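Shown next, in structure tokens, is the structure this report addresses.
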Amino acid sequence: MTGRAAKRLCVVVAGLAGAGCGSGGTDPGGQGTAVMAKANPSGDGQSGTIDEVLPAPLRVQITDGGSPVAGRTVAWQIQAPGASVSPATTQTGADGIAMTTVTLPPFGGNNVVTAISTGVNGSPQSFVATSTGAGTAVTVLVINDGFLPSAFELKAGGIVTFTWATASLRHNVTPVAPANLPASPGLPGTRDAPFTFDAVFLATGTFRFFCEVHGSANSGMRGTITVIP
């Protein structure tokens, strides 16, 4: 073998060896070896009064091989209208833990909070935060194929604002007889976002509603409002 050929062979072998030796045992383009789980304590399963801040933060921990991982970004999300998380984006500390606080929505029900860290195994993690009580002003998001929230309590004299979410198409709010509220203007026609309307509930009772296109009184896109004294 000539010196030039031997040199080319060495370059090829070195390149193949480098390709076969991953850094840190990860698969390029796939999930790494970091794992996210709920910390101890996690804050999961708490309950509180509507509009209040939960007493304990929600917490997750990211580890790699059992050791904490610092500096990983965690995004927190809650879908309930009127609820919030603060901060919405956090980073893990030296102990691998990231946390946020939750302000409950102005209506009662079980609310799901998610913690997301891109490229981390075990992501997302879901937490349940329960709000108790009845409010006087509730926003219901009309989303594609659903109402959010779909069931809640309201105090008599309270107002519900139905708001079509971005890109929400061909929906209406149809009351289940004999109640005459709520009903979106222009029935039996449908509406596309952006659109909103208010419904005031003066009398106590149970009010059921649905979208004629995507549900019925007993299935699909529907909801229930219980008005209490």
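All values reported here derive from a predicted model rather than from experimental measurement.
- Pro68 approaches Gly96 most closely through the heavy-atom pair CB-N, 3.6 Å.
- Looking only at side-chain heavy atoms (C-beta outward), Gln77 and Val85 stay at 4.5 Å or farther from each other.
- For Asp44 and Lys38, the salt-bridge test passes: some basic side-chain N is under 4.0 Å from an acidic carboxylate O.
- Every pair passing ring pair (Phe, Tyr, Trp, His ring centres under 6.0 Å) that includes a residue from residues 210-229 is listed here, sequence neighbours excluded: His171-His214.
- In terms of heavy-atom proximity, Pro106 sits nearest to Gly82 at CD-CA, 3.9 Å.
- You'll find the side chain of Phe195 stays beyond 4.5 Å of the side chain of Ser168, heavy atoms only.
- By the 4.5 Å heavy-atom criterion applied to side chains, Arg208 and Asn218 are counted as neighbours.
- Once rounded to the nearest 0.5 Å, the distance linking OG1 of Thr90 with CD1 of Ile97 reads 11.0 Å.
- Inspection of the Ser47 and Thr130 side chains reveals no N or O donor paired with an N or O acceptor under 3.5 Å.
- The aromatic rings of Phe162 and Phe197 lie parallel to each other, with less than 30° between the two planes, well short of the 60° mark.
- Between atom CZ of residue Arg72 and atom OG of residue Ser117 there is a gap of 5.0 Å, rounded to the nearest 0.5 Å.
- Remark: Thr139 OG1 to Asp198 CG distance equals 8.5 Å, nearest 0.5 Å.
- The shortest heavy-atom contact between Thr204 and Pro229 is CG2-N, 3.7 Å.
- For Trp76 against Ala98, the heavy-atom pair with the smallest separation is CZ2-O, 3.6 Å.
- When all heavy atoms are compared, the tightest approach of Ala199 to Pro182 is CB-CB, 3.9 Å.
- Thr100 places a side-chain N or O within donor-acceptor distance of the main-chain N or O of Ser86, the cut-off being under 3.5 Å.
- Under a 3.5 Å cut-off, the side chain of Ser126 and the backbone N or O of Thr114 do not form any donor-acceptor pair.
- If you check the side chains of Thr190 and Asn172, you find no donor sitting under 3.5 Å from an acceptor.
- Residues Val53 and Val102 have side chains not in contact (no heavy-atom distance under 4.5 Å, counting atoms from C-beta outward).
- Around the CD atom of Gln91, the shell of radius 6.0 Å holds more than 12 heavy atoms that belong to other residues, nucleotides or ligands.
- Between the side chain of Asn111 and the backbone N or O of Ile78, no donor-acceptor pair lies under 3.5 Å.
- Separation of atoms CG (Asn144) and SG (Cys211) is listed at 9.5 Å; rounding is to 0.5 Å.
- Interatomic distance, CG of Asp145 versus CE of Met221, reported as 7.0 Å (0.5 Å rounding).
- Side-chain N or O atoms of Arg222 include one that pairs as donor or acceptor with a backbone N or O of Gly220 at under 3.5 Å.
- In the hydrophobic clustering of this structure, Val120 does not group with Met99; members are Ile, Leu, Val, Met, Phe, Trp, Tyr whose side-chain heavy atoms approach within less than 4.5 Å, directly or through other members.
- With sequence neighbours left out, the side-chain contact (heavy atoms from CB on, under 4.5 Å) criterion links Ile50 to Ser131.
- Side chains of Ser42 and Leu58 form no contact here, defined as non-hydrogen atoms less than 4.5 Å apart.
- Two residues are said to be in side-chain contact when any heavy atoms from C-beta on lie closer than 4.5 Å; Val142 and Phe147 meet this criterion.
- One hydrophobic cluster, built from ILVMFWY side chains closer than 4.5 Å, holds both Val140 and Phe107.
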Under 3.5 Å, which donor-acceptor pairs link side chains of residues 148-160 to any protein atom two or more places apart or in another chain?
none

Q) How far apart are the C-alpha atoms of Thr226 and Phe207, what are their side-chain angles, what is the distance that settles it, and do they pass the side chain to side chain contact (heavy atoms under 4.5 Å, CB included) test? A) CA-CA 6 Å; Thr226 303; Phe207 299 86; over 6 Å; no
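- Rounding to the nearest 0.5 Å gives a distance of 9.5 Å between OG1 of Thr196 and CG of Leu141.
- Shortest non-hydrogen contact noted between Leu54 and Gly48 is CD2-N, 4.1 Å.
- Between Phe209 and Ile225, the closest side-chain pair of non-hydrogen atoms falls below 4.5 Å.
- Counting heavy atoms from C-beta on, the side chains of Val74 and Ile62 come closer than 4.5 Å.
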